[in-house]
Amino acid sequence: MVAQTLQQILEATAGSAALPFEPGSIVLLHFDNHRDRVLWLWASLLAGYIPVMSTAFSDNASRRLAHLEHLARLLNTPACLTTTGLLLQFDGQTAIVPTCVDMFNLEDVGATPSVEGSRVTAPSPRPDQTAVLMLTSGSSGSCKAVALTHEQITAAVTGKHATLPIPADATFLSWVGLDHVAGLVEIHLQAIFTGRSQVLVEAPDVLMEPATLLNLVERHRVGWTFAPNFFLALMHATLQKKEEQQDASSDDQRQWDLTSLRWLTSGGEANTTQMCEEVSLLLERYGTPRNVIVPGFGMTETCAGAIFNTRFPEHEKAHGYPVASLGQCMPGVSVRVTDGTGTNIALPAGELGHLEVTGPAVFRSYFNNEEATRSSFTTDGWFATGDLAMIDTTEAGQLLLKGRVKDVLNINAVKYNPTDIEAGLYEAIPQLTYGSACCFSSLPADGHTEEVVIVYLPSYGPEDLHSHVQTVLAIRQACLEMTGSRPQVLPLSRNSVAKSSLGKLPRAQIKAAYERGEYQSAAEESLAKFALFQKTTDQEPRDELERQLLTIFVNSLDHATPEEFGVQTSILDLGITSIELIKLKRHIERDLTCTSQPGSIPLSTLMRNTTVRDLATALRRDDASPSSSATYDPVVPLQRRGTKTPLWLAHPGVGEVMAFMNLAKYFTDRPIFALRAAGFNDGEPLATSLDEMVRRYHAAIKLHQPQGPYALAGYSYGGMVAFELAKLLERHGDTVRFLGSFNLPPHIKKRMRQVDWKTALLDLCHFLDLLSEAGRNDLAAQLRDMGDRDAILECVLARIDKDRFAELALSPAALANWAHVGQNLHHLTIDYEPAPSVESIDVFYCHPIKEVASGKEEWFERFISLWGDFTRDEPRFHEVVGSHYTMISPENVFGFQKTMKAALAARGI
């Protein structure tokens, strides 16, 4: 493997050395996977260039173009290496001209290097020369390029190894790319420097299933990896679930062997002591040392981690710290805390001040940015990190971080500029006047990660309850769309806070007052206004049925407080997820006692009746005629507000539309309707042909939206349905302005013929997170020759996640019927041939199902790109993160919706 990698690097070096660039040229490396980043990093270094590790580009076209133009200026019009698959990301600009490395031909450059007798001569740079440029996040403005020198990197990896050594036979593991300094220096280069093996995996593989990290640690005998606090919280849930399964079943007693894991470093955001200690205790049962979690501090400017707390959690428990301290400096770094006034005198332990660092592991300059370099260093040469900190007064002298000087928000390890959020609020909410809102982040007393807090000065009178409620709800929704986080929103009276002389709200003072609890009365007053609004707008329960339903809604939904949630409040206003919807359904079926309605309530009933009052009306209607079956209606409204063209979403191959709830909550400017398949409820006959199904959906669309233009999209199988609906609409003279396909190619019949009832059942279990991908594949092999449905169902039920099955409130019969619906949908298309054509299409693609293609590149080239044969205009392709089953799941939907909104806007709809 090592020889093969060296061979590839030498070949890449020969190709890059043949480019018309002088030694010392800046080369931007823009890749999306570990292999390409490693290969072309070393090829560039060996060719004598200075590589710049490019970060992912924004999904927003204007921001992407602005970023590329900024890079061109910053890096003096650099060379750029990328792949043909990423070439579209450079579209619309000429500032940076990329070269596609997969178009290199070594025969053309006259080089066929090999490990033995290589003609490539490695350069011999001076220690103080720049080795690589790393881009900062640019969270508070345009990114900067940190110049990491050879001697700085050497000092950094030497210091890390001296502080956190691992045995010679242990392995380093990274799940972030080399465009992040931790992936480059802390893992990749340290492993090479110390002669250890390394394993590099893609982030989605770990984030989608935290147990994957533990499996990899066991399999590869990993000694060092890392996990920020939000991922430790995910790991905590995974480990707890494993313990509960082992307690409940004597059959599942598999134990991870994690005895190799010595260090699990954690940075990027604050580590909560209680949660991290619980993770440490759980990991200890699988063989790790008690202090395996190492909170720390590092920046791109310090080559990642530079200060490590190897005494966690004992130090925190002994001194009652709710948030982990960051420890002490490694060799190569020194730290001090000053008052920030330029005196350069360190403050005594226990006093809060500005954090400054120095030493051979600390950078010396930003590339091509003298002003940023000058302003970032003190007069005696220490780097001012921009953080507030203190050294604690214990004998250990541990570093305690107390926030950012410039107030950058850090939510789930993602940084946000609060001024950008405030600007977005003013744009989205007309009733907010400029200068009246202030955004910051704060760690709740019982939380594991920081939350967004937004305070504002109302422009309406104190008695205007309607404006109060509407403003708070609008701020919550706008912040959710910008950050993916539901904020705490707090109206303040104008006499409770004084603006600065420049008319600005003092963010630091407001945050400090909030964390001291000084605004508690304002929060209580806000809740009281919500409660009063309910009473004055006739939102009191009318009878026992509404009272019981209201109690169930409030108790089962995390964000439904009694003061803010009434009988006419829609659950969609809370940004409810598909899992929360299923949880609500289960609680209603379990706890509702004052109706003769049968125990099972169809999800479609709950999705169509999203308020307590509407659901109560529907249940009373069913009580009055319990023997009647409701007429099948494929339309499920997911979002009724907004004035823009409605968006119609066609169901995936499992027939249901719950997955779209994660997406719909981000669209408040247009109605969202979903189309669900027949067969889930009594009295709903299955479709007998694709033509029948499409015509039924077409009639339903015309009933709700008689006139175009139309906007359609479909997830997986639904992409085909949306395509057929678009053709039918166009044949009737209607305009389809937007057609979207989520990870589906035009040719599908081969895959459709593979899906029998057994396959539909296994795919459904994977889709519902009842089976992991590996578990689904194992069962498919085990059940290959089994044909009896009852026996198949019994085997599957024995292997699925029992807790998840209970959470979904499914019965074996319901699961079997759901698979039957899915099988029927696939059967309708076993002879499907896509016939040209539609006007245009937007295709959103990600990692495919493994049975179909080996990876994203093959998936695009051999399958997805063929949409061009079925449109009269060129298709537009949008690469998104995630896999086929997770592209719009909670962990990926925030990025997806931004891409989709941009695509809709580009189509003028």
Side-chain angles (χ1 to χ4, degrees), residues 59 61 85 87-89 91-92 644-653 659-660 663 667 670 672-675 690 693-694 697-698 701 705 708-749 751-752 829 832-849 852-853 856 859-880 882 884 887-888 896-909:
D59 294 329
L87 202 55
L88 284 175
Q89 296 188 15
D91 192 30
K644 290 186 178 179
T645 301
L647 176 64
W648 291 87
L649 300 171
H651 59 77
F660 293 130
L663 183 63
F667 289 82
R670 70 179 75 243
I672 307 289
F673 298 100
L675 298 166
L690 177 61
M693 181 173 70
V694 171
Y697 293 170
H698 174 265
I701 290 174
Q705 186 190 347
Y710 291 93
L712 311 169
Y715 182 11
S716 186
Y717 181 98
M720 176 273 300
V721 175
F723 176 68
E724 292 299 317
L725 281 168
K727 291 194 300 180
L728 186 55
L729 284 164
E730 287 184 347
R731 286 202 299 270
H732 284 77
D734 290 309
T735 299
V736 178
R737 191 74 56 78
F738 178 85
L739 172 61
S741 173
F742 300 175
N743 215 42
L744 190 82
H747 299 287
I748 62 172
K749 68 180 182 182
R751 173 61 182 167
M752 297 299 100
T829 54
Y832 176 73
E833 290 288 351
S837 63
V838 293
E839 179 65 29
S840 62
I841 192 170
D842 284 74
V843 185
F844 303 82
Y845 71 98
C846 59
H847 288 287
I849 299 172
V852 180
K856 192 186 295 186
W859 177 235
F860 179 82
E861 295 295 336
R862 291 186 54 197
F863 299 96
I864 294 294
S865 64
L866 300 184
W867 274 114
D869 298 334
F870 302 96
T871 59
R872 299 186 290 278
D873 195 6
E874 285 295 316
R876 298 177 184 178
F877 299 101
H878 311 275
E879 185 177 358
V880 296
H884 186 78
M887 62 190 302
I888 57 173
F896 185 94
Q897 59 90 19
K898 291 196 295 183
T899 302
M900 189 171 182
K901 283 181 178 177
L904 285 162
R907 295 291 186 183
I909 196 165

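Treat the numbers as computed from the prediction; the structure is a model and nothing was measured.
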>> side chain to side chain contact (heavy atoms under 4.5 Å, CB included) for F673 and L649? Distances and angles first, verdict last.
In response: CA-CA 6 Å; F673 298 100; L649 300 171; over 6 Å; no
> Step by step, would you call M900 with D842 a side chain to side chain contact (heavy atoms under 4.5 Å, CB included)?
Replying inline: CA-CA 9 Å; M900 189 171 182; D842 284 74; over 6 Å; no
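Y697 places a side-chain heavy atom less than 4.5 Å from the side chain of V721. Counting heavy atoms from C-beta outward, S837 and T871 have side chains that stay 4.5 Å or more apart. When side chains are defined from C-beta on, H747 counts as touching F870, because their heavy atoms get closer than 4.5 Å. Here the side chains of V880 and N743 are not in contact, with every heavy-atom distance at 4.5 Å or above. Residues P709 and T645 form a side-chain contact, since some pair of their non-hydrogen atoms from C-beta on lies under 4.5 Å apart. H847 has its side chain out of reach of M887: every pair of non-hydrogen atoms, C-beta onward, lies at least 4.5 Å apart. With contacts defined as side-chain heavy-atom distances shorter than 4.5 Å, the pair V736/V838 does not qualify.
The CG atom of L904 sits 11.0 Å away from atom OG1 of T899, with the distance rounded to the nearest 0.5 Å. Atom CD of Q705 and atom CH2 of W648 lie 7.0 Å apart (nearest 0.5 Å). With rounding to the nearest 0.5 angstrom, the CG atom of L739 is 4.0 Å from the CD1 atom of I841. Atom OG of S840 and atom CZ of R876 lie 7.0 Å apart (nearest 0.5 Å). Atoms CZ and CD1, from F667 and I672 in turn, are 6.0 Å apart once rounded to the nearest 0.5 Å. With rounding to the nearest 0.5 angstrom, the CG atom of L675 is 10.0 Å from the CE atom of M693.
Heavy atoms only, all atoms of each residue included: E874 and R907 are closest at O-NH2, 4.4 Å. Scanning both residues, F844 and G740, for their nearest heavy atoms gives CE1-CA, 4.4 Å. In terms of heavy-atom proximity, C846 sits nearest to G882 at CB-O, 3.3 Å.
Side-chain contact annotation: Y832 with E724, donor-acceptor N/O pair under 3.5 Å present.
Residue-environment remark: CZ (R862) stays at or below the threshold of 12 foreign heavy atoms within 6.0 Å.
In this view, F860 and Y845, F877 satisfy the ring-ring contact (aromatic ring centres under 6.0 Å, His included) rule, not counting sequence neighbours.
Taking the ring centroids of F723 and W867, they lie under the 6.0 Å cut-off. You'll find the ring centres of F742 and H878 outside the 6.0 Å limit.
Within the 3.5 Å criterion, the main-chain N or O of R737 finds no donor-acceptor partner in the side chain of E839. Under the 3.5 Å distance criterion, the side-chain polar atoms of R751 are left unmatched by any main-chain donor or acceptor of V852.
Using bins of under 30°, 30° to 60° and over 60° for the plane-to-plane angle, the ring pair F863/W859 lands in the tilted bin.
The only option from L725, L647, L729 that meets the side-chain contact (heavy atoms from CB on, under 4.5 Å) definition with Y710 turns out to be L729.
Under a 4.0 Å N-O distance rule, the pair E861/K856 does not qualify as a salt bridge.
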Using residues 712-720 as the side-chain source, report each donor-acceptor pair under 3.5 Å to any protein atom, sequence neighbours left out, with the distance given to one decimal.
unit_1: Y715; atom_1: OH; unit_2: H884; atom_2: O; d: 2.7
unit_1: S716; atom_1: OG; unit_2: H884; atom_2: NE2; d: 2.9
unit_1: Y717; atom_1: OH; unit_2: L825; atom_2: O; d: 2.6

